[in-house]
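Keep in mind that this is a model prediction, so the values were computed, not measured.
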Amino acid sequence: MSSKAEESIDESINAFQAGHFVIVADGADRKNECDLVFSADQATTQAMAFAIRKGSGIVYVVSNKDALQHFGLYPATTVNSDRFSIGAYVSTTFVPGSSNGLSAADRAATARALCNRSNTPDAFSKPGHMFPVASHADGVLGRPGHTEAAYDLCRLAGRMPVACLTELTNEDGTMLRWQGAVEFGQKHGIPVITVDQIMRRRQMSPEFPNAPNPDSIPSIRGLDLPAFDGSGLRIAIVAARWNSVVTRSLVMGARDALESCNVRDITIEYVAGSYEIPAAAQVLLESRKFDGIICVGCLIKGQSMHFEYVSEAVTQGIMRLNLDYKVPVVYGILSVLSEEQARQRSGISGAHNSGREWGVTCVESCLLRKRYLKVSRL
């Protein structure tokens, strides 16, 4: 393999941290395959569909033995005769909200569900359409495989140690090799690295100081983000064009979170600035077409009192909409002290996109309202 073609390991870790794909190649002396790897904690329908189309069709979920056993999963065989001793576990599908388990949306939901330890074993069918594999506890230092490379990418990037991967294939069904992977990565803007690169990084830094606590994840700044089925919900996003680089990233995060919760009826409307958002949201609420609204804006503190006045007015306006219409109206207005804070919280310069939290929060609130409306009508 040409070292010149290999991407920087730091570039790849940063891409993975931001929720993007990474291609990992092993050596010609091993499988000589190139796998498409992405994090499971924010797996979207679009990401899963891309992996299914471009790969072998089988998508694996990489985790550790303790986590898989926590969900009631067990090794696929008692006698492992695989040439490379892959830690295969019984296939599974996350049952709540699933159609047939095979669609990209269902498989993405299963991947996310395997990140949420509040899910119980009875929530997973056995067999199913996602294929869990257990990583060696020491990652690539214990076993130099794609499974461990994906596991270590999660830990190096500070993400939950659960990843999805699939073997990339050519159009004729043959396996994609190194040069083909480099060309594929260039075409789709995906960094390409090797298992050896990850091994060298691990040898330099065997610890993972930024790794999240597996007992509390998936969480972002203390907020647990369980999996919800928002099928049939109608959600609107009202966003400001002011500070549009930030707000459009937040809208994408909210939309991706809604789609990951099986929400298909999504309306997005833009207004000039955050100050105009409450009035626009009121118009949508008056139409009675929506189960919930997400208000997205960004206020960056300047040298005058304008920031304080607008922030208070918008906060009060959104709060009044919640009380007056008794429909979830999610407050998604970033109020920050600098442009860099806005970039970090919107996913532009980091892995954290607050829009995802707002999307899941809206679905949860809508489902809560529907649940108790049904009770009150009995």
* Can you list every salt bridge (charged side-chain N to carboxylate O under 4.0 Å, His left out) pair that touches residues 47-72, not counting sequence neighbours? -> none
* Asked: Under a 4.5 Å cut-off applied to non-hydrogen side-chain atoms, are V62 and V162 in contact?
  -> no
* To do: Output the distance between atom CD1 (I235) and atom SG (C366), rounded to the nearest 0.5 Å.
  => 3.5 Å
* State whether the side chain of N243 and the backbone N or O of C298 hold a donor-acceptor pair below 3.5 Å, judged by distance alone. => yes
* ILVMFWY cluster, Y309 and W242 together (side-chain gap under 4.5 Å) -> no
* To do: Check whether any side-chain heavy atom of V329 sits under 4.5 Å from a side-chain heavy atom of L285, and report yes or no.
  => yes
* Asked: Are the side chain of H146 and the backbone of E33 linked by a donor-acceptor contact shorter than 3.5 Å?
  -> yes
* Asked: When rounded to the nearest 0.5 angstrom, what is the spacing between CG in L141 and CD in E148?
  -> 10.5 Å
* Within-4.5 Å side-chain heavy-atom neighbours: R201 and D10 -> yes
* Can you name the one residue among N262, T93, D106 that meets side-chain hydrogen bond (donor to acceptor under 3.5 Å, both in side chains) with S99? -> D106
* To do: Measure up the F50 and F184 rings against each other and bin them: parallel (under 30°), tilted (30 to 60°), perpendicular (over 60°).
  => tilted
* Would you say V59 and I52 make side-chain contact, with heavy atoms under 4.5 Å? -> yes
* If only atom types and distance count, is the side chain of S365 paired as donor or acceptor with the main-chain N or O of P328 below 3.5 Å? -> no
* Distance-only, no hydrogens or angles: does the N64 side chain make a donor-acceptor pair with backbone N or O of A67 under 3.5 Å? -> yes
* P121 and F71, any side-chain heavy atoms less than 4.5 Å apart -> no
* Any chain of hydrophobic side-chain contacts (each under 4.5 Å) joining V245 to V251? -> yes
* Under 4.5 Å between any side-chain heavy atoms of L153 and I198, yes or no? -> yes
* Examine distances only and state if a side-chain atom of S91 and a backbone atom of G128 form a donor-acceptor pair shorter than 3.5 Å. => yes
* **Rounded distance (nearest 0.5 Å) linking atom CE of M130 with atom CG of L73** => 11.5 Å
* Is the backbone N or O of S346 less than 3.5 Å from a side-chain atom of N353, with the two atoms forming a donor-acceptor pair by type? -> yes
* Asked: Donor-acceptor pair, Q186 side chain versus E183 backbone, under 3.5 Å?
  -> no
* Asked: Taking NZ, NE, NH1 and NH2 as the nitrogens, is one of them in R369 or D291 under 4.0 Å from a carboxylate oxygen of the other?
  -> no
* Asked: Looking only at heavy atoms, which two atoms of A104 and T45 are closest? And how far apart?
  -> CB-O, 3.7 Å
* Verify side chain to side chain contact (heavy atoms under 4.5 Å, CB included) between I294 and V238, making sure each step is shown before the conclusion. => CA-CA 6 Å; I294 305 173; V238 183; over 6 Å; no
* Are Y74 and F94 joined in one hydrophobic group, where the rule is that I, L, V, M, F, W and Y side chains link up if heavy atoms are under 4.5 Å apart? -> yes
* **Donor-acceptor contact present, side-chain T92 to main-chain F124, <3.5 Å** => no
* **Distance, nearest 0.5 Å, that separates OG of S8 from CD1 of I193** => 9.0 Å
* So how far is it from C295 SG to L284 CG, rounded to the nearest 0.5 Å? -> 9.0 Å
* Asked: So, the side chain of S125 versus the backbone of P127: is there a donor-acceptor pair under 3.5 Å, distance only?
  -> yes
* To do: Please report the shortest heavy-atom distance between L321 and P278, naming the atom on each side.
  => CD1-O, 3.5 Å
* When you look at D138 and R143, which way does the salt bridge (Lys or Arg N to Asp or Glu O under 4.0 Å) test go after all the steps? -> CA-CA 8 Å; D138 293 331; R143 178 179 177 273; over 6 Å; no
* Asked: Thinking salt bridges, do R264 and E259 make one under a 4.0 Å N-O criterion?
  -> no
* Check the side chains of D172 and T174 for a donor-acceptor pair under 3.5 angstrom, ignoring hydrogens and angles. => yes
* Check against side chain to side chain contact (heavy atoms under 4.5 Å, CB included), V24 and T194 -> CA-CA 5 Å; V24 180; T194 65; over 6 Å; no
* **Any donor-acceptor N or O pair under 3.5 Å, side chains Y331, T315** => yes
* **Polar contact flag, side-chain donor to acceptor under 3.5 angstrom, E312-Q316** => no
* **Cationic tip of R248 above Y270 ring, under 6.0 Å, 45° of axis** => yes
* **Shortest non-hydrogen contact between A181 and I23, atoms and distance** => O-CD1, 4.0 Å
* To do: Would you check if the side chain of T166 reaches a backbone N or O of I58 as a donor-acceptor pair within less than 3.5 Å?
  => yes
* Structure fact -> In this structure, CD1 of I13 is separated from CZ of R159 (nearest 0.5 Å) by 13.0 Å
* Would you indicate whether the side-chain heavy atoms of C362 and W358 approach each other to under 4.5 Å? => no
* To do: Search all heavy atoms of S335 against all heavy atoms of F307 and return the closest pair with its distance.
  => CB-CZ, 3.9 Å
* Asked: Same hydrophobic cluster for M199 and V22, using side-chain heavy-atom links shorter than 4.5 Å among ILVMFWY?
  -> yes
* Check: L165 and D35 side chains under 4.5 Å, non-hydrogen atoms -> yes
* To do: Check the surroundings of atom NZ in K289: do more than 12 heavy atoms from other residues, nucleotides or ligands lie under 6.0 Å from it?
  => no
* From the options F16, Y60, F21, select the one residue that forms a ring pair (Phe, Tyr, Trp, His ring centres under 6.0 Å) with F38. => F21
* Structure fact -> Heavy atoms of M48 and C164 approach each other most closely as CE-SG, 4.2 Å
* Hey, are D152 and R202 close enough for a salt bridge, meaning a charged N less than 4.0 Å from a carboxylate O? -> yes
* To do: Mind running side chain to side chain contact (heavy atoms under 4.5 Å, CB included) on I318 and V330 for me, showing each step along the way?
  => CA-CA 8 Å; I318 293 175; V330 174; over 6 Å; no
* Using only heavy-atom distances, determine whether the side chains of E167 and S56 contain a donor-acceptor pair under 3.5 Å. => yes
* To do: Quick one: closest heavy-atom pair of Q17 and A157, and the distance?
  => NE2-O, 3.3 Å
* Asked: For atom CE of M175, is the number of surrounding heavy atoms from other residues, nucleotides or ligands below 6.0 Å larger than 12?
  -> yes
* Spell out, yes or no, whether V296 and M252 are grouped together once hydrophobic residues are joined by side-chain heavy atoms under 4.5 Å, including indirect joins. => no
* Taking everything shown except F131 itself, do over 12 heavy atoms lie less than 6.0 Å from its CZ? -> yes
* Given side chain to side chain contact (heavy atoms under 4.5 Å, CB included), test W178 with V192 step by step and report yes or no. => CA-CA 9 Å; W178 171 253; V192 183; 3.7 Å; yes
